[in-house]
Amino acid sequence: ANCRVGIMLDTDTKGDEGAKELLWKLHEADLDAYLVWSRNKHGGAFKDREPEVLTNSQWEQLVGKGI
C-alpha cells in the first residue's frame, strides 16, 4: 500500500469517534494512514457495518475501489 496504513473501524458512531483518535495517534507516530471506508464513503454502501462481517463480494467491491 505504498507504506500507507488503511484503517477499517466499524462504520457507526463509535467507529467514527475511534477513527478520529486513532488517526491522530498514527499521524503523531509519522505513519501515513487513511480510512478505507466510513459511513458516507462509497456512497454510504457500508454504513453501520463491521469489517468482520463483510462478504467476499463486498471485500472485492472495496478492493476494486482502489483502497
Side-chain angles (χ1 to χ4, degrees):
N2 297 326
C3 297
R4 296 182 73 205
V5 177
I7 305 300
M8 286 185 76
L9 300 174
D10 294 353
T11 58
D12 56 14
T13 301
K14 283 189 173 190
D16 285 354
E17 293 166 2
K20 291 174 189 175
E21 183 177 338
L22 179 59
L23 286 171
W24 271 112
K25 287 181 179 186
L26 292 173
H27 172 74
E28 290 170 346
D30 291 325
L31 293 172
D32 184 11
Y34 66 97
L35 293 175
V36 172
W37 65 354
S38 70
R39 287 197 268 182
N40 297 320
K41 196 170 179 177
H42 307 295
F46 300 102
K47 182 178 180 178
D48 295 325
R49 301 298 306 273
E50 299 173 347
E52 60 269 23
V53 298
L54 287 177
T55 65
N56 286 339
S57 63
Q58 290 169 327
W59 180 252
E60 289 173 9
Q61 181 181 356
L62 285 170
V63 172
K65 296 281 187 179
I67 63 163

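Positions are given from 1, in the same order as the sequence printed here.
- Crowding of Asp16 atom CG: a count of heavy atoms from other residues, nucleotides or ligands under 6.0 Å exceeding 12.
- No chain of hydrophobic side-chain contacts below 4.5 Å, direct or via other Ile, Leu, Val, Met, Phe, Trp or Tyr residues, connects Met8 to Trp24.
- A distance-only check finds no donor-acceptor pair linking the side chain of Trp37 to the backbone of Asp10 [under 3.5 Å].
- Minimum heavy-atom separation, Leu35 to Ala19: CD2-CB, 3.8 Å.
- Here the CG-NZ distance, from Asn40 to Lys47, works out to 7.5 Å after rounding to the nearest 0.5 Å.
- Taken from CD in Gln61 to OG1 in Thr55, the straight-line distance is 8.5 Å, to the nearest 0.5 Å.
- Atoms CZ and OG1, on Arg39 and Thr11 in that order, are 8.0 Å from each other to the nearest 0.5 Å.
- Atom CG of Leu54 sits about 6.0 Å away from atom CZ of Arg49, to the nearest 0.5 Å.
- Residues Leu26 and Ala33 share a closest heavy-atom pair of CD1-CB, 3.6 Å.
- Rounded to the nearest 0.5 angstrom, Ile7 CD1 and Leu23 CG are separated by 6.0 Å.
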